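This report refers to the structure that appears directly beneath it.
These figures come from a predicted structure and were not determined experimentally. Hydrogens, waters and symmetry mates play no part in the numbers below; they use all other heavy atoms, side chains included.
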Amino acid sequence: MSGTTTAAAALRRRAAGAGANRWVVLVVLCVSLLLVALDATVLHVAVPAVTEDLKPGAMQLLWIVDVYPLVCASLLILFGTLGDRVGRRRVLLLGYGLFGVASGLAALADTAQVLILARALLGVGGAMIMPATLSILRQVFPDRRERALAIGIWSAVAAVGAAVGPLLGGFLLEHFWWGSVFLINIPLMLISLPVGRLLLPESKGSAQGPWDVVGALMAAAGLFGMVLGVKRLGGAEFDAFTAVPLIVGAVLLVLFVRRQRRLTHPLVDLRMFARPAFSTSVCCIVLAMLALVGLELIAAQYLQLVLDLSPLQTGLRLLPLTVAAMAAGLAGARLLRRFGPRRMVSVGFCLTAVAVLLLTAMDEADNTGLLLAGFVLLGFGLETTLFGAYESMLSEAPPEQAGGAAAIGETSYQLGAGIGIALLGSVMNAAYAPGLSGVPGVPESASKSAGHSLGEAYDVAGRLGGSPGEALRRAARDSFVHGLHVTLLVSAGLLLLGAVMALRLPRAMQCGESSAAVELPAPREVGKVGEVAQPRVSA
C-alpha cells in the first residue's frame, strides 16, 4: 500500500513539474512574494515622515496606507481569472513592470493625492502578481506533504519581507527622504522580470465560456463601497456619503454572488464555499489579517510618536515579530502533520490573543521586555494561524480550480488587511479624539485639528507653544495610549472569535487519496504544461 502511494505521489510530481524544477519555481515565486510583502510593510515606519511632509488629512492618511490593499483585493479575482485565460506567467510579468513604474511615481509624489494614486497603481500591480504565486505553487506541488513544506517556505519569505521592510525603510529614512522607501522595489523588479521570463513555466486554465468581466467589476466596486463606508463610519461621519457606499457595495456583492450562481461558467465557482474546511479557512485568513495589519500600523506610530524612537529603531523593535513569524512558517509543515489544521489554527489564534492582551500593559514608558515578549508571541501565533489556514484552503480546493482558490485566498488576505486598517484605525480614532476636548488654554479649533491624529496634534502643540502647547501634547499622548489599549482589546476579541471558528477545520492532515471524496461538478481543465487530471485529494 505504501509503495502504491509513493508511486502515485512520484507520478503526480513528474506530471506537475514537467519542463521545470518545482523547487526552482518556488524560489522565483518567493521572490515575487517578497516584492509585494516589502511594499506592504515598508511604508509603516514612513507614515510620520509622510505626514510631516505632505500634510495629509486624517482620511487621506488612511487612504495612503489602505488604498494599496483595497485595490489589490478588489482586482485579485479579475487578474486571477485573466491569468487563467492569457497565461499566469504573462500576467505576473506585466505586474512586475507596473509595480516598478508605480514605485517610481510614489517616490516622486509631491502631494497626498499623487501618492494615493501611485499606491493604487501598486495595488493593481500586486493584484497581477499575487494570484499567480499561489496558483502556480498549487499546481507544481500536487503532493500535500511537499506542498505544506513549500507553503512554509513561501510564508517564511513573506515574514522576511515584513521584517526587512521596516528595517530597510528605517535605514533609508535615516539617510534619505521618505520617497526612497518605494525605490527599493525597482531593483527587485529588474531582477524578477528576466528571471521569471526564463524560469517560470507558462500555465493556463480552460477557456470554456465567456470571461465574466461584468462580474469582476461588480466585485471590485462592491468591495470598494463597503470599505469606503467603513472608513467614514470610523470617522463618525454619518451622512449620505457614508450610507450610499455601504448600501451600493452590499447590493453589488449580493448581485455578484447571485450572478455567479446562475452562470454556467462563473468567474468564481462559489460551490467551493460549501466545503466547511474551505470556507472556514477563508474566514480565518480574513480575521487574522484584520487583527494584524492595523496593529502593525498603530504600533509603528506608538514607537515613533510616543516612545520617540527613530525609524530605524522602530524597525528593530518590530524585528522580533517578523523573525518569530519566519520561524513559525519554517516549522509549519511539521506542526501541521503533528497537530492537524484544527488545533494548529485555533491555538495560533489563542497565542495571538494572549500576545495582544499582554501588550495592553504598554504605556508612555519604554518597556523593552514587554514589547519583545508581546511581539514574539504575536508573530509566532499569527503566522501559525495563517499557515494552517492557507494550507487547508489550497488542499481543499480541487487542483483544476487552483487559480480560483488562490484568488479567493489572496482576496481574503488583502481584504482582511484593508478592513483591518480601516476598522482598527477607526476604533483608534474614536477612542483618541474625545480626550483632546477641553484641554486648558487650547482653542476648540486647535483641539479639533489635534483630534485627527497624534502627528497632527504634535504640530498643533508646536504652533501653540508655551504651557497650552505642552498640555495639548501631553493630552494627545495620553489619549493615543488609551486608544491603543481599546484597539488591542477589540483585536483580542476578534482573535478569540477566530479560535472558535477554527474548530470547524479538519482534525487531522489527510495526505492520501480518497475514493469517497466529493468532486465539484463540471471541473475546468487546467492548461498547465505537462499536467494530467488528478483525483480529488480529501482534506
Side-chain angles (χ1 to χ4, degrees), residues 44-65 111-112 170 173-174 177-178 234-237 294-318 359-371 374 421 424-490:
H44 289 175
V45 295
V47 166
V50 171
T51 302
E52 181 180 354
D53 187 21
L54 300 185
K55 300 294 189 296
M59 290 302 298
Q60 286 180 323
L61 183 61
L62 278 175
W63 275 109
I64 287 172
V65 178
T111 66
L173 287 172
E174 290 281 336
W177 92 113
W178 60 264
E237 299 182 45
L295 288 180
E296 281 193 339
L297 176 62
I298 294 169
Q301 295 182 62
Y302 167 79
L303 293 172
Q304 291 186 73
L305 298 177
V306 176
L307 300 186
D308 199 26
L309 300 180
S310 69
L312 182 57
Q313 289 172 325
T314 298
L316 289 172
R317 288 296 184 91
L318 292 172
L359 290 174
T360 57
M362 291 187 301
D363 54 25
E364 297 176 28
D366 188 359
N367 190 331
T368 305
L370 174 68
L371 293 176
I421 293 174
L424 295 185
S426 300
V427 170
M428 180 70 188
N429 289 338
Y432 162 76
L436 298 181
S437 59
V439 178
V442 178
E444 183 179 350
S445 59
S447 295
K448 186 175 181 180
S449 298
H452 294 157
S453 68
L454 183 58
E456 191 166 348
Y458 284 176
D459 289 339
V460 173
R463 290 195 299 268
L464 286 175
S467 57
E470 181 59 32
L472 178 61
R473 185 180 183 89
R474 185 168 53 252
R477 190 166 54 244
D478 293 342
S479 296
F480 185 89
V481 172
H482 168 71
L484 177 61
H485 291 165
V486 173
T487 305
L488 289 170
L489 290 174
V490 171

Query - Side chain Thr487, main chain Val427, donor-acceptor under 3.5 Å - result: no
Report task. Output yes when a side-chain donor or acceptor of Tyr458 lies under 3.5 Å from a complementary backbone atom of Leu305, and no otherwise. Result -> yes
Requested in this report: Check the pair Leu303 / Asp308 against side-chain contact (heavy atoms from CB on, under 4.5 Å), numbers first and verdict last.
Outcome: CA-CA 6 Å; Leu303 293 172; Asp308 199 26; over 6 Å; no
Report summary line: CG of Leu54 to CD1 of Ile64, rounded to nearest 0.5 Å, is 6.0 Å
**Report entry** Nearest non-hydrogen partners of Ala471 and Pro440, listed with the distance
**Finding:** CB-O, 4.4 Å
Report task. Kindly compute the distance separating CG (Asn429) from CZ (Phe480), expressed to the nearest 0.5 Å. Result -> 9.5 Å
Requested in this report: Can you measure from OG (Ser437) to NZ (Lys448) and round to the nearest 0.5 angstrom?
Outcome: 12.5 Å
Report summary line: Note: Gly483 and Ala431 closest approach over all heavy atoms is CA-CB, 3.7 Å
Query raised in the report: Closest approach of Ala461 and Gly469, non-hydrogen atoms and distance?
Result: CB-O, 3.2 Å
Query raised in the report: So, Tyr302 side chain and Asp363 main chain: donor-acceptor pair closer than 3.5 Å or not?
Result: yes
Query - Backbone N/O of Ser445 and side chain of Ser449: donor-acceptor pair under 3.5 Å - result: yes
Requested in this report: Check whether any side-chain heavy atom of Leu436 lies under 4.5 Å from a side-chain heavy atom of Val442, and answer yes or no.
Outcome: no
Requested in this report: Kindly compute the distance separating CG (Asp366) from CZ (Arg317), expressed to the nearest 0.5 Å.
Outcome: 4.0 Å
Query raised in the report: Can you name the closest pair of heavy atoms from Leu472 and Ala457 and give their distance?
Result: CD2-O, 4.1 Å
Report summary line: Here the pair of heavy atoms bringing Tyr432 nearest to Ser479 is O-CB, 3.4 Å
**Report entry** Whether His485 side chain and Met362 backbone form a donor-acceptor pair below 3.5 Å
**Finding:** yes
Requested in this report: Applying side-chain contact (heavy atoms from CB on, under 4.5 Å), run through Leu424 and Met428 and close with a yes or a no.
Outcome: CA-CA 6 Å; Leu424 295 185; Met428 180 70 188; over 6 Å; no
Requested in this report: Compare all side-chain heavy atoms of Leu371 with those of Leu359 and state whether any distance is below 4.5 angstrom.
Outcome: yes
Query - Closest contact, heavy atoms only, Val460 versus Ala446 - result: CG1-CB, 3.7 Å
Query raised in the report: For Glu456 and Thr51, what are the C-alpha separation, side-chain angles and deciding distance, and is it a side-chain contact (heavy atoms from CB on, under 4.5 Å)?
Result: CA-CA 8 Å; Glu456 191 166 348; Thr51 302; 5.8 Å; no
Query raised in the report: Would you call Pro468 and Val439 a side-chain contact if the rule is heavy atoms closer than 4.5 Å?
Result: no
